[in-house]
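Please read all numbers here as calculations on a predicted model, not as lab measurements.
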Amino acid sequence: MYEDSWYNLVPDHTHKRNPSVPQASGHRRRESLLQQPNGSKQPDVVEPLEELFEEPEIVIEPPEPTLSRRAKSYSDFYHVVRAQLSKDAAAAKKRRKKAKERTLDALMVDKIGDISKNQSSVELEPLGDELIESSQQEYLTYQDQLEMTERHLDTLINDTNGALDLLTSLADSFRAVDSQTSSFKAQCDDLLSEEKRLQKLADEVGTDLHYYAYLDGVTRRLNAPGASRLVNHESFAEIMTNLDACIAFMIDHPDYRDSESYLARYQSLLTKALHLLEVGFTGHLDRISAEISKQIAATQSDSARHALAYGRFEEMVLEADGLISNAQRVIRSCYDQLGNPIPGQTFDYYSNTAVNIFSYYADVRDRDLRPITQHDLEVFRKELKDTNAETASRNFIKQCYERSYSEANLFERIFSVEPQYNADPQSAYAALKTQQKALVHAANIAPIATTLQPVLQTIELQTVCNLLGWISNEYLLLEYDEEETQYSIYCHDLTARLLIEHMWPLTDSAFEAEVTKSISKATVSPESLKIAPVTNGVASSNAHPITKRALELLAMYDQAMPKERSSSPVVFQIVNETILAMQRAESRLKSNKAANPDPDPDLFMIKNLLILKNGLVSLEIGDVRSHPAAMQHFGQIWDTLSPQNWMGLFRGILGGSLSLGLWSSAANTAPATNGKALPGRNQAQAEQDANEKLDELLRQSIYAFTQRWGTLINAARSGKRGAKSLVATEKELDEKLLTAFGGQPEVVAKLKEAIQINAQAQKEMKAEKGAR
């Protein structure tokens with residue numbers, strides 16, 4: 001911490017020991033300060049003093065070096081030194097005081113204060129002062145040392161302050177230099193940015209120039225004598241990519257010099273390249289077809305034909321891997337994996353080439369597999385003769401599905417695209433659908449319908465419904481434990497299109513023809529208008545033949561179609577034509593003007609309309625409309641007929657209990673209708689809900705029946721002349737109801753109850769009129 005040189009400046013004030021005096025073993029005596037000034041010597045032998053209290057000699061030496069707190073910086077070095085000096089000075093003062101006290105105790109001398117008080121002799125005072133001065137000599141020496149140390153430390157502090165001033169000056173100089181360097185660095189950064197900008201501009205100019213310079217090279221390559229061989233190599237894909245980039249650049253920069261001219265030339269080169277690919281691909285297919293078609297025609301084994309048509313054909317096509325990869329690249333430039341169009345600046349060029357390739361491929365496949373398709377048709381015709389139409393149709397559909405699935409897999413491996421149904425006319429599905437060949441594939445299912453249509457038109461309608469039900473259950477609906485496979489998914493999509501596009505319209509036409517034949521134009525004989533007793537407890541056993549046929553048609557349609565088609569126009573036509581037929585029969589019955597006609601026209605309508613309504617409910621047909629989307633009259637019909645009231649009647653037909661709300665509704669509407677048809681009844685439009693129309697006619701017939709029999713009951717009770725007795729009237733009513741609704745006591749009871757309510761209402765109304 002301190003230099004060693006300044007320690008040598010401290011004078012040696014320590015007293016030398018007398019070498020002639022022997023040291024005692026326990027104590028040594030210091031040289032007395034009270035010797036006589038004449039310098040007379042004492043005897044050599046000095047007797048040891050008894051009971052002398054003396055402390056060991058205190059050696060006056062420099063202070064022990066201690067590790068002081070190191071200054072954190074030059075600025076606080078001065079404070080550290082001053083703090084250390086103050087601490088050392090306080091410790092030295094304390095040591096001097098304690099040394100003085102110890103010295104006086106060793107000499108057995110009282111303190112100065114005590115001496116001044118206890119001794120009265122004047123001669124002892126000089127000696128005390130001299131003694132004190134001599135005893136404090138060593139402390140005074142240490143004080144001198146401390147003062148010298150303080151001066152040295154002051155010098156160090158001054159030097160340190162000078163060094164700090166110098167460092168401050170240097171820091172200011174460095175900051176000035178840094179400011180100048182920052183300005184220079186900013187100028188350098190500006191120069192570098194400008195260099196980068198110029199370099200980028202040069203690169204852009206070079207890049208733009210590349211789109212112009214590429215024209216000559218690619219023109220020479222595509223017009224060379226061996227250009228047709230380019231389509232078999234990977235370099236052809238690079239040419240297509242560069243042409244696309246050049247065309248896109250010219251389209252994006254129409255203001256560049258000669259951009260229109262270069263764009264036209266690049267588009268012409270793209271057309272040239274695509275034509276080379278198309279020629280190369282068709283030539284490759286022709287070479288394969290020439291070999292495969294001969295082998296297929298030469299064999300009669302189905303398994304061998306299948307292996308040649310798919311396994312061997314695929315292997316030979318994929319041998320030209322460069323050509324196939326280039327063809328896939330062209331097709332994937334305009335279609336994605338599912339055949340959806342990819343809009344782009346060159347879409348028309350690529351899509352035209354793709355459509356041409358697809359068309360030629362379809363022609364080759366149809367020509368090569370014609371022996372196989374002809375064989376399938378022959379097998380189908382043979383089964384029609386040997387078995388039946390339904391079995392033959394099922395086997396033919398299975399065979400077509402399997403072959404179509406094989407064709408779809410082969411198409412996907414060759415062209416790397418799997419067309420899915422898409423209504424977009426620019427999609428791959430639309431492009432394939434235009435290729436109507438005899439071979440069935442994903443987009444061409446017309447051959448199935450074309451083959452089945454002549455057969456289905458000549459067989460019974462029930463067989464057609466059975467076939468459609470089998471198709472739906474086999475391919476559209478999966479069992480809960482059946483695992484979904486790629487084949488099942490493919491067949492599901494194929495079946496949906498087959499049904500929607502071909503089979504359902506064909507079946508609807510067959511139903512419409514049957515409705516016209518068996519309902520609209522059916523002859524109504526007088527015997528069929530009579531209500532016969534119920535047989536075997538079946539409620540519909542005594543229904544009119546037209547009503548029975550309508551129920552059969554509804555059941556067949558429900559079997560052939562999913563529930564989503566329960567509101568189709570065919571169902572509307574069945575219900576509507578049946579209602580019209582029943583109204584014609586009712587008109588014939590009402591021509592009998594008897595008071596109690598037999599058969600009762602209202603009871604006839606109630607019976608047949610209830611049977612028809614029961615059939616609709618049992619088949620879960622709730623909305624029978626010619627156009628399901630149209631609901632213009634829904635609000636009006638809802639207000640006229642509350643569904644909660646009619647639901648009780650439906651439950652009663654099906655075995656539940658009927659509610660009185662139905663008859664209350666009929667009674668409430670009686671004053672407005674008076675048992676007659678509503679004004680708009682004969683003006684019902686085709687969009688009217690046939691189900692609601694049926695409900696309204698049923699309500700009117702019920703009200704007319706209860707009103708007439710309520711009148712007969714009141715006449716029998718009043719004993720009116722010419723009227724039957726009450727017992728005979730009730731008996732006749734029971735016979736009619738039991739004959740019409742045998743086995744349905746709930747319906748009979750509710751009709752009787754309604755008649756009583758109507759009779760009571762007539763009686764009250766008559767009493768009110770009499771009171772007036």
Side-chain heavy atoms of Y350 within contact of D244, under 4.5 Å: yes
Determine whether a donor-acceptor pair (N or O, by modelled atom type, separation under 3.5 Å) exists between the side chain of H544 and the backbone of M582. no
Hey, are S406 and N409 close enough side-chain-wise for a donor-acceptor pair under 3.5 Å? no
For the residue pair A309 and L369, what are the closest heavy atoms and their distance? CB-CD1, 3.9 Å
dist H492:NE2 -> R497:CZ (nearest 0.5 Å) comes out at 11.5 Å
When you compare the side chains of T578 and R549, does any donor N or O come within less than 3.5 Å of an acceptor on the partner? no
When you check the side-chain N and O atoms of T299 and S301, is any donor under 3.5 Å from an acceptor? no
Salt-bridge criterion met for R367 and D363 (N-O under 4.0 Å): no
Would E383 and N395 count as having a side-chain donor-acceptor pair, cut-off 3.5 Å? yes
Can any side-chain N or O of T241 pair as donor or acceptor with the backbone N or O of A237 at less than 3.5 Å? yes
Do N608 and T547 have side-chain N/O donor and acceptor atoms under 3.5 Å apart? yes
H233 to N326 - nearest heavy-atom pair and separation: O-ND2, 3.1 Å
Indicate yes or no: at least one non-hydrogen side-chain atom of S427 is less than 4.5 angstrom from one of Y421. no
For a side chain to side chain contact (heavy atoms under 4.5 Å, CB included) with L276, tell me which candidate from L230, I239, L222 qualifies. L222
Rounded to the nearest 0.5 Å, how far does CG of D424 lie from CG of N340? 8.0 Å
Pair E577 + K521: basic N to acidic O under 4.0 Å: no
Ion pair present between R403 and D302, side-chain N to carboxylate O less than 4.0 angstrom? no
